[in-house]
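Read the numbers this way: they start at 1 and go in the same order the structure lists the ligands and their atoms.
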Amino acid sequence: MKRRHDRIIVAGGGPVGAVAALILAQQGIPVTVLERGEGVTLDYRASTIHPPTLDLLEKCGAAQAMVEMGLICPIMQYRDRRRGKIAEFDLTCLKNDTRHPYRLQCEQFKLVGWAYPRLQEIPGVELLFGHDVINVEQSEDEIVVTAATRDGERQFKGDFLIAADGGRSTVRKLLDIDFEGFTYPEHFLVAGTRYDFKQQMPDICSVNYTADPDEWYLLLEIPDMWRIIMPVEPLIEPDDAMQEKYLQATLHNLLPRPEPYEIVVKAIYRVSQRVAANYGGPRVFLAGDAAHINNPLGGMGLNGGLHDALSLTDRLARVWHGTADERLLAGYEKQRKPEAVNAINAMTQRNKRLLEERDPEIRDRMLAEWARIAADPALTYEHLLETSMITSLRRSGMLP
Ligand SMILES: Cc1cc2nc3c(=O)[nH]c(=O)nc-3n(C[C@H](O)[C@H](O)[C@H](O)COP(=O)(O)OP(=O)(O)OC[C@H]3O[C@@H](n4cnc5c(N)ncnc54)[C@H](O)[C@@H]3O)c2cc1C
C-alpha cells in the first residue's frame, strides 16, 4: 500500500486512542494524536480491566503500570439485594490461562495519564490537545483530517486514521456508518465514596454484582474509594440524580448509616448497546467506543476497545514495515466485529437482564443457576474464561 506521508493519525486521545498511538510509536511509526480535550479527562467510567487485557498490554508496558496503580481483585460475587451472597468466584483458577488471574480495578483516566507522557517522549509523536476533528477525507493514497482549534482550522495529512473518538464518533458519522442498536431509557449513576462498605458488609469482596427487581447495583472497590453503579429511573432528571440529597438517599437506601456518606465522585451516563455497521477501511478504521458501546455490567467496553487497538495496531505495523500486505487490514473487522456483537454486547445485555429480572420464578432460577455454577469447579472455570474475555480472545485468534 502506497505511503505518502509516513504518519498515522489517531482521532481521540482517550484510553483506546492513547494506547493505540503508543503501540504504533513504540514500533517506530510516526503518530499524530488529535484530542478535543485539553489534557487527561477525569472520566469515571471504566475501572475493571480483565486478565487477558493485561496479558496483551504487557508488551507496551501498560499492564505493569496499571497493576502498580490499581487494585488486584481475585474474588467476585453475585449477590441478591435481599438474600445476600449467592455465588462467589475465585479467578485464581485461571492461573494456567493468564499471567494475571484477577480483575484489576484501575480507572481509565490513570491509563491515559500514564500513556500521555510516554507518548510525548517518543520522537515522531505529536500529541495535540484542543484539536477537535471535524472533517476527514480518504483517497487512494492519503487521508486528510481537519481539526478545529482555538486558532482556527488545521489540516493533517497521513496514511491511515484510527478513529478512537468515542461513542459519538465524529469520524464514524462523517463516514456515514450506521451505529446499530438501542439506548436504554434509564441513566446509569456512578457515585464514589470513601466509606468502606466492608465495615458493615463484612462478607462482600471487592467486585459485587447485586441483583434486585427494583434497584440492582454494582459495588466495586477501587484503589482509594468504593464505587457504586446503579440505574436511575427514566422519570428522574439526570441533573436531579446528581444532587447531594438524591445521592445520599440512594446510598442510605443501599446501606443505611447514621452519618452522611462522603461522596467524592459523581457522574451520570446514558448507556446504549450499539455496534457500527462496519469498521471502516481502507485507510480509516474505527476502534473502541467509536465501533461499539455497551452497558458497563461485566466491564467489557474498554477491554474490548483495547483489544481492538491491539488487533488494529498489530496489523497496521506489519503492513507499515512490509512484513504483510494490506489484505491484513481487512481482517481487522472480521476479527473484532463478531466479538463486539457475540461477546461484548451479548454478555453485557445478559448481565443486565439477570440483575434486573422482575419475574420471581425466573429470578429464583437465575439465582439457583449462579449458585450451581459457583459450586461446580468445571462450570466455574468455563464461566470465568467467558466473563474474563479469554474465550472471546481465543475464538477470535488473539490468544492461543
Ligand atoms: C458507568 C460506566 C462504567 C464503565 N466501566 C467499564 C469498566 O469497568 N470496564 C470496561 O472495560 N469498560 C467500562 N465502561 C466503558 C468504557 O468507559 C468505554 O468503553 C471507554 O471509555 C472507551 O474508550 P475510548 O477511548 O474508545 O473512548 P472514550 O473514552 O470516549 O475516549 C474518546 C476520546 O476522544 C475524544 N474525542 C471525541 N470526539 C473527538 C473529536 N471529534 N476530535 C478529537 N477528539 C475527540 C474525547 O475527548 C475522548 O478523549 C464503562 C462505561 C460506563 C458508562
(request) Please confirm whether R79 makes a cation-pi placement over Y209, using NZ or CZ under 6.0 Å from the six-membered ring centre and within 45° of the ring normal. (result) no
For the pair [X] and [Y], find out whether any cationic side-chain nitrogen is under 4.0 Å from an anionic carboxylate oxygen.
| X | Y | value |
| --- | --- | --- |
| D141 | R4 | yes |
| R82 | D214 | yes |
| D364 | R83 | yes |
| R283 | E142 | no |
| D289 | R45 | yes |
| E38 | R150 | yes |
| E386 | R394 | no |
| D359 | R363 | no |
| E339 | R395 | yes |

Under 30°, 30 to 60°, or over 60°: which ring-plane class applies to [X] and [Y], parallel, tilted or perpendicular?
| X | Y | result |
| --- | --- | --- |
| Y78 | W370 | tilted |
| Y184 | F188 | tilted |
| Y279 | Y332 | tilted |

Mind checking whether [X] has a heavy atom under 4.0 Å from ligand 1?
| X | value |
| --- | --- |
| A11 | no |
| T41 | no |
| G305 | no |
| H131 | yes |

Taking only heavy atoms of [X], which atoms of ligand 1 are found under 4.0 Å from at least one of them?
| X | value |
| --- | --- |
| T170 | 41 (N) |
| L34 | 43 (C), 44 (N) |
| S47 | 7 (C), 8 (O) |
| A164 | 32 (C), 33 (C), 34 (O) |
| V190 | 1 (C) |
| G288 | 26 (O) |
| G301 | 10 (C), 11 (O), 12 (N), 19 (O) |
| G299 | 7 (C), 8 (O), 9 (N), 10 (C), 11 (O) |

(request) Give the single entry among R36, H187, E35 that approaches atom 47 (O) of ligand 1 most closely by any heavy atom. (result) E35
(message) Tell me the nearest of D289, V33, N294 to atom 18 (C) of ligand 1, using heavy-atom distances.
(response) D289
Would you mind telling me if ligand 1 is within reach of the side chain of [X], the backbone, both or neither, using heavy atoms under 4.0 Å?
| X | result |
| --- | --- |
| M300 | backbone |
| I134 | neither |
| A267 | neither |

Report the nearest protein non-hydrogen atom to [atom]: residue, atom name, distance rounded to 0.1 Å.
| atom | value |
| --- | --- |
| atom 14 (N) of ligand 1 | A46 CB, 3.9 Å |
| atom 16 (C) of ligand 1 | Q108 OE1, 3.7 Å |
| atom 41 (N) of ligand 1 | D132 OD1, 3.0 Å |
| atom 51 (C) of ligand 1 | R45 CB, 3.7 Å |
| atom 33 (C) of ligand 1 | G14 N, 3.6 Å |
| atom 27 (O) of ligand 1 | G166 CA, 3.7 Å |
| atom 23 (O) of ligand 1 | P15 CG, 3.6 Å |
| atom 37 (C) of ligand 1 | D165 O, 3.2 Å |

Any N or O on [X] sitting closer than 3.5 Å to an N or O of ligand 1?
| X | value |
| --- | --- |
| V16 | yes |
| D43 | no |
| L302 | yes |
| Y269 | no |
| Y44 | no |
| V133 | yes |

(message) My understanding is that only one of E369, Q349, M366 makes a side chain to side chain contact (heavy atoms under 4.5 Å, CB included) with L354; could you say which?
(response) M366
(request) Take L393 and H307 through the side-chain contact (heavy atoms from CB on, under 4.5 Å) test and state the conclusion after the steps. (result) CA-CA 8 Å; L393 286 163; H307 303 163; 3.5 Å; yes
(request) For L42, check side-chain contact (heavy atoms from CB on, under 4.5 Å) against everything at least two apart and list the hits. (result) Y44, F109
(message) Would you compute the distance between atom OG1 of T32 and atom NE2 of H131 and round it to the nearest 0.5 angstrom?
(response) 9.5 Å
(request) Please check if the distance between the ring centroids of Y269 and H187 is under 6.0 Å. (result) no
